[in-house]
Engineer: 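Sharing a structure, written as structure tokens. Questions coming.
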Amino acid sequence: MSATSHAPPRSRPGSACQDESVRTDAAIRSRSPFLAACHGERSGHVPVWFMRQAGRSLPEYREARAGTSMLEACRTPELVCEITMQPVRRYGVDAAIFFSDIVVPLAAIGVDIEIVPGVGPVVAEPFRTEADAERLRNLDPCDVGYITEAVGLLTEELGDTPLIGFAGAPFTLASYLIEGGPSRDHAKTKALMRSRPDLWHAIASRLAAICGEFLRIQVEAGASAVQLFDSWAGALSEADYRRFALPHSTAALMGVAESVPRIHFGVGTAHLLPAMAETGAEVSGVDFRIPLDQAAAMLPGKTLQGNLDPAAVLADPEPLLDEVDRVIEAGRAAPAHIFNLGHGVLPDSDPDQLARIVDRVHEVTSR
Ligand code: 1CP
């Protein structure tokens, strides 16, 4: 089987093979409610997957990862394949999210960055100057041969279940590089943007090229959709988002335009949803702070993804399932809906609760 067999073929407008591409595309969509929803269609049940469905909430993940650092795990194709498959096997979700991390391409080009357990990404020498911006050279597919290999293994193993590739958006990545690690207020990043807009745009445009290439590599290897995580964009006002982040996220997503559907997600971004949609992403991810029917009114015609509060998973089954029903109902206001949490699965989540959510979404929306 070719590594690209599950990626919808690129449609080249006006080319001789356009009709064939469209036909094959429709055939793939008919087998995947997730891809149908990405294309704005309701077909079969409402699809469901979870951000951070792989990871610390699963005992089989902790066992597989024992003794291996996060970045080392991301560079080991067989382990990436196993960890990506674990939630697919356990929950029967409608899509797999590639097991990697947003900082993998940065480490691959030589940035000294580690993922510290219990903390997150930590940068040895935080970015401050032009010389730092120049450390961000372009990503070459050879830098991440392990990604191509892992995606190839996965597309074989997944069959008709689509694989979602992903990258971190330039603003979110820049925040780690400039702050030196996780930050609540992103104060150094915002100060640099305002004081040194030239340097900011130099850093962010280099990051956009890296993210765009990282997405392209995953799609070329067989990913059927991508998600751009701009997790911390909600820290920006709309004016700052438009000035400092939007052009770079748009450039990053351009790398895979017209090849696969693109999902765009951030946390606390109710005020940014229309601006974020201007990147051209086909699907808008919505966090749990705004009901999906309100988001749908702001984004006419857009497929929405979300948005159960991750903390609801820790409640008893009955209130949890009430909340799931509410999200499904609100999602009916959008042309198509991909059920997800409003942010990642919390580490203390009981896997049985996630299984209950998948079953409920499938059951209620197949009727
Ligand atoms: O040892 C461990 O288990 C480390 C925990 C962990 C995991 C499982 C980290 C460190 N990253 C990951 C995998 C990961 N990261 C995935 C694939 C798994 C899946 O989704 O099922 C994905 C998509 C990410 C993306 C990611 N990394 C984001 C965007 C999503 C989000 O949660 O907002 C961000 C912001 C990161 C940075 C990061 N990496 C790890 C942590 C703990 C963090 C967040 C740190 C912070 O709060 O700033």
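Every number for a ligand or one of its atoms is a count from 1 in the order of the listing.
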Engineer: Let me check something: do Val358 and Met85 share a hydrophobic cluster, defined by ILVMFWY side-chain heavy atoms less than 4.5 Å apart, either directly or through other members?
Structural biologist: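 Val358 clusters together with Met85.
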Engineer: For Thr250 and Glu278, run side-chain hydrogen bond (donor to acceptor under 3.5 Å, both in side chains): C-alpha distance rounded to whole Å, both residues' side-chain angles, the deciding distance at 0.1 Å, then the answer.
Structural biologist: CA-CA 8 Å; Thr250 305; Glu278 287 175 28; over 6 Å; no
Engineer: Ile164 versus Val226: any side-chain heavy-atom pair under 4.5 Å?
Structural biologist: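 No, side chains not in contact.
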Engineer: By number and element, which atoms of ligand 1 are closer than 4.0 Å to a non-hydrogen atom of Pro121?
Structural biologist: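 Listed by number with element: 37 (C), 38 (C), 39 (N), 43 (C), 45 (C).
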Engineer: Once you restrict to heavy atoms under 4.0 Å, what part of Phe50 touches ligand 1? Side chain, backbone, both or neither.
Structural biologist: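 No part of Phe50 comes within reach of ligand 1.
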Engineer: Using a strict cut-off of 4.0 Å, indicate which atoms of ligand 1 neighbour a heavy atom of Ile115.
Structural biologist: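 Contacts of ligand 1 toward Ile115, numbered from 1: 10 (C).
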Engineer: Is Gly344 in contact with ligand 1, taking contact as a heavy-atom separation below 4.0 Å?
Structural biologist: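 Gly344 does not count as a contact of ligand 1 under the 4.0 Å cut-off.
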Engineer: Nearest protein heavy-atom contact for atom 27 (N) of ligand 1: which residue, which atom, what distance?
Structural biologist: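 Residue, atom and distance for the closest contact: Asp101 OD1, 2.9 Å.
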Engineer: Evaluate the criterion side-chain hydrogen bond (donor to acceptor under 3.5 Å, both in side chains) for residue pair Asp94 and His362; output intermediate values, then yes/no.
Structural biologist: CA-CA 10 Å; Asp94 295 282; His362 286 169; 2.7 Å; yes
Engineer: Going by heavy-atom distance to atom 4 (C) of ligand 1, choose the closest among Met70, Gln227, His343, Glu179.
Structural biologist: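 Nearest option to atom 4 (C) of ligand 1, by heavy atoms: Met70.
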Engineer: I need the nearest protein heavy-atom contact for atom 33 (O) of ligand 1: residue, atom name and distance, please.
Structural biologist: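 Checked against all protein heavy atoms, atom 33 (O) of ligand 1 sits closest to Ser231 OG, 2.5 Å.
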Engineer: Check the angle between the aromatic planes of Phe166 and Phe229 and answer parallel, tilted or perpendicular using the 30° and 60° thresholds.
Structural biologist: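 Ring orientation of Phe166 relative to Phe229: perpendicular.
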Engineer: Would you find more than 12 non-hydrogen atoms of other residues, nucleotides or ligands less than 6.0 Å from Arg184 atom CZ?
Structural biologist: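 Counting other residues, nucleotides and ligands, CZ of Arg184 stays at 12 neighbours or fewer.
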Engineer: Numbering the atoms of ligand 1 from 1, which are under 4.0 Å from a heavy atom of Tyr176?
Structural biologist: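 Atoms satisfying the 4.0 Å criterion: 35 (C), 37 (C), 44 (C), 45 (C), 46 (C), 48 (O).
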Engineer: Under 4.5 Å between side-chain heavy atoms, counting indirect links through other Ile/Leu/Val/Met/Phe/Trp/Tyr residues: same cluster for Tyr61 and Leu154 or not?
Structural biologist: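 Linked, Tyr61 and Leu154 end up in one cluster.
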Engineer: With heavy-atom distances below 4.5 Å as the criterion, would you say the side chains of Asp240 and Ser237 are in contact?
Structural biologist: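 In short, these two side chains touch, coming nearer than 4.5 Å.
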Engineer: If we check side chain to side chain contact (heavy atoms under 4.5 Å, CB included) with Val151, which of these qualifies: Val219, Leu163, Ile217?
Structural biologist: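 By the side chain to side chain contact (heavy atoms under 4.5 Å, CB included) criterion, Val151 pairs with just one of Val219, Leu163, Ile217: Leu163.
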Engineer: Show your reasoning for whether side-chain hydrogen bond (donor to acceptor under 3.5 Å, both in side chains) applies to Trp49 and Tyr91.
Structural biologist: CA-CA 9 Å; Trp49 68 280; Tyr91 304 127; over 6 Å; no
Engineer: Can you pull out the closest protein heavy atom to atom 34 (C) of ligand 1? Residue, atom name and distance to 0.1 Å, please.
Structural biologist: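 Sorting protein heavy atoms by distance from atom 34 (C) of ligand 1 puts Ile102 CD1, 3.5 Å first.
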Engineer: Check this for me - ligand 1, Arg56, N or O atoms closer than 3.5 angstrom, yes or no?
Structural biologist: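 N/O-N/O distance below 3.5 Å does not exist for this pair.
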Engineer: Could you find the nearest protein heavy atom to atom 22 (C) of ligand 1 and give me its residue, atom name and distance?
Structural biologist: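 Sorting protein heavy atoms by distance from atom 22 (C) of ligand 1 puts Phe166 CZ, 3.5 Å first.
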Engineer: Go through ligand 1 atom by atom and flag the ones less than 4.0 Å from a non-hydrogen atom of Ile97.
Structural biologist: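 Matching atoms, with element in brackets: 19 (C), 20 (O), 21 (O).
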Engineer: Nearest to atom 24 (C) of ligand 1, what protein heavy atom do you find, and at what distance?
Structural biologist: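 Closest protein heavy atom to atom 24 (C) of ligand 1: Arg52 NE, 3.5 Å.
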Engineer: May I ask you to identify the nearest protein heavy atom to atom 42 (C) of ligand 1, giving residue, atom name and distance to one decimal place in Å?
Structural biologist: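 It is Gly120 CA, 4.0 Å.
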Engineer: Which option, Ser100, Pro182, Ala96, owns the non-hydrogen atom nearest atom 14 (C) of ligand 1?
Structural biologist: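 It is Ser100 that holds the nearest heavy atom.
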Engineer: Test your reading of the structure: does Phe98 have an N or O sitting under 3.5 Å from an N or O of ligand 1?
Structural biologist: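 No; the residue has no nitrogen or oxygen that sits under 3.5 Å from a nitrogen or oxygen of the ligand.
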Engineer: Short list, please: which atoms of ligand 1 are under 4.0 Å from a heavy atom of Phe229?
Structural biologist: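 Counting atoms of ligand 1 from 1, those under 4.0 Å from Phe229 are 23 (C), 29 (C), 30 (C).
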Engineer: Over 60° means perpendicular and under 30° means parallel, so classify the ring planes of Trp200 and His248, tilted if in between.
Structural biologist: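 Aromatic pair His248/Trp200 classed perpendicular.
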Engineer: For atom 8 (C) of ligand 1, what's the nearest protein heavy-atom neighbour? Residue, atom name and distance, please.
Structural biologist: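 Of the protein heavy atoms, Tyr61 OH, 3.6 Å lies nearest.
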Engineer: Looking at Asn138, Val144, Asp140, Asp143, which one forms a side chain to side chain contact (heavy atoms under 4.5 Å, CB included) with Ile109?
Structural biologist: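 Going through the options one by one, the only one that passes is Asp143.
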Engineer: At what distance is the nearest protein heavy atom to atom 47 (O) of ligand 1, and which residue and atom is it?
Structural biologist: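 Protein heavy atom at minimum distance: Trp232 CZ2, 4.0 Å.
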Engineer: With a cut-off of 4.0 Å, which atoms of ligand 1 are near a heavy atom of Arg65?
Structural biologist: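 Those atoms are 1 (O), 2 (C), 3 (O).
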